[in-house]
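Below: the structure, in structure tokens.
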Amino acid sequence: MATQEDVFKKVTSHAKEYGFVFQSSEIYDGLSAVYDYGQTGSALKKNIKDYWWDAMVKMNENIVGIDSSIFMHPKTWKASGHVDAFNDPLIDNKDSKKRYRADVLVEEYIQNKLEAKIDKEVKKAAKRFGESFNETEFKTTNPRVLGYFEKINNVETRLKKVQEEEDMEGFKQLIVDLEIPCPVSGSKNWTDVRQFNLMFSTEIGSLSDGSTKIYLRPETAQGIFVNYLNVQKTGRMKIPFGIAQIGKAFRNEIVARQFVFRMREFEQMEMQFFVRPGEENKWYEYWKETRMRWHKAIGFSEGSHKFHDHLKLAHYAKAAADIEFKFPFGFKELEGVHSRGNFDLTQHEEFSKKKLRYFDPELNESYVPNVVETSIGVDRMFLAVLSTAFTEEKLEDGSERIVLKFPSFLAPYKVAVLPLTKKDGLPDKARAIINTLKYDFECYYEEKDQIGKRYRRQDAIGTPFCITVDHQTLKDNTVTIRERDTMKQERVAIDHLEKLIGDSVNVKHILKKLN
RNA sequence: GCGAAAGUAGCUCAGUGAUAGAGCGUCACCUUGCCAAGGUGAGGGUCGCGGGUUUGAAUCCCGUCUUUCGCUCCA
């Protein structure tokens, strides 16, 4: 494990050194859990997104793409449940270092302390009075019990007040006053109560209902749900059909770590698939398998992926599974496949008071469709590709090289064209070759340093092919082409380059594997 | 957020109170010409930032930011 973490460390420094990922605002000491993609990284990321988009939108006539806004009407997040679910007052115990929801602590106190005491009194009295005991009468007359009830009432009123007013100091004071100990350590050494809202908020000019606070979306899915009927009607989509989207989402994570694995600003690739009620299980299984095929088609080694079925479900889900990937720091979630039922659409019906029904001509009835969601983090996929591609090799002559063995269709540059020397017109010839290839492939030109050094530099950014222009090229229009992983070279005619490289780097060959 | 550790050149790191360093990388020129580390030269750091102690601070102290690890959280 230690060595695996070393690998991860090497991957992150390599990512910086070769322009894949930089920390955001680095010259100002950086911004926690926010990263920028550099020249090579953004190219790799774009290729990943293209592969996903093609596999979804291009390959399926019943899946279409949209691009919805980051800002959405705040009611969206009420309806989706995010305002409630993403908003917790939290408190830490300094001794046990455990974190609790402050409201839960207080509620447990009421339950375990006060209500338990009432129960005790009731039981004692029942024993005393025997047959003639009237519990209701006892509870409404016994002064000690009434005292407890009053206390419960007081605590509940205070709890409600601090929650409504978001009075975090009052919340802390409440916990201090009640002398609530930590369930683990028994200590009363608490931090302040802090409101953790996982959604970022900002202000907008004005809204129809007078509010001005809006959120940066914490998931892209809602942009699809609110547009589902627009797309269905204007695209004349028939169920089952899907809507795909790639876009940024934002979560104010309490702890955001592990490089680009968990960021506060991140990019999702989501597809919501709308199905007839009752058929959701079938499609859930279908998309689980289909998405796994997409991952495996990339060509990572067997055993890199596995399913992890959720036992504890989110507020919207009927069934959920993660596709986990073997990152350098262990198997972690890369993609989620969720059967969301009709939760989102019925919620939006309720909050918007608009019908979000689909009329099914085959059944001759209208209904709210069920939804199967596939949701993958672009940045996690990026990290999966980068960390898997990262290879340190010992060569036969004893030297070492670092090579990024990207699947060639994902590589930032497809081909480097290198004149063997800077003299004798070789650079001009090399540039002429680039001018024929640049319409199809991302090309890299370099003439500095010895050829071997240049090969290594291309290995370090994962360029699958190096074309070397030498003196023979000037005579017979042939070049050598070197393959990144094998380091084998072959002499070929310049005219054949386009097809030779195209056959290897075209995403088409991967997409065909998906069918 | 709590606890621990760390932050010195693009990268990896040395330097524990007294002139800011090395290797690799970068740039220029020369040499070589198909698998990195030949020669010469150059550039690059107010030692994360801000205070404090001291005649003197990269070094000691405090704060702060960032990163890593553990806990915690995770749709």
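In what follows, chains are A, B, ... by sequence order, proteins preceding strands, each numbered from 1. Every heavy atom of this structure was used, including side-chain atoms; hydrogens, water molecules and symmetry mates were not.
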Closest to the [X] side chain, choosing from [options]:
X: A:Arg456; options: B:A28, B:C35, B:C11; answer: B:C35
X: A:Tyr35; options: B:U67, B:A36, B:G10; answer: B:U67
X: A:Arg482; options: B:C35, B:A36, B:G10; answer: B:C35
X: A:Gln23; options: B:G33, B:U66, B:C34; answer: B:U66
X: A:Met487; options: B:G33, B:C35, B:C11; answer: B:C35
X: A:Arg262; options: B:C73, B:C27, B:C34; answer: B:C73

Open item on the list: Looking at A:Lys332 and A:Glu324, is any side-chain nitrogen of the basic one under 4.0 Å from a carboxylate oxygen of the acidic one?
Closed with: no

Open item on the list: Check A:Glu267 with A:Lys49, please: is the shortest side-chain N to carboxylate O separation under 4.0 Å?
Closed with: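 The answer is yes: the pair qualifies as a salt bridge.
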
Task: Phosphate OP1/OP2 of B:U32: any A:Thr421 side-chain N/O under 4.0 Å - done: no

Open item on the list: Taking 4.0 Å as the cut-off, does a side-chain nitrogen or oxygen of A:Gln450 come that near to OP1 or OP2 on B:A37?
Closed with: yes

- [ ] Counting Watson-Crick and G-U wobble pairs only, both distances under 3.5 Å, name the nucleotide matched with B:C2, or none.
- [x] B:G70

Open item on the list: With nearest nucleotide decided by heavy atoms, which residue, A:Glu400 or A:Arg457, maps closer to the 5′ end of RNA chain B?
Closed with: A:Arg457

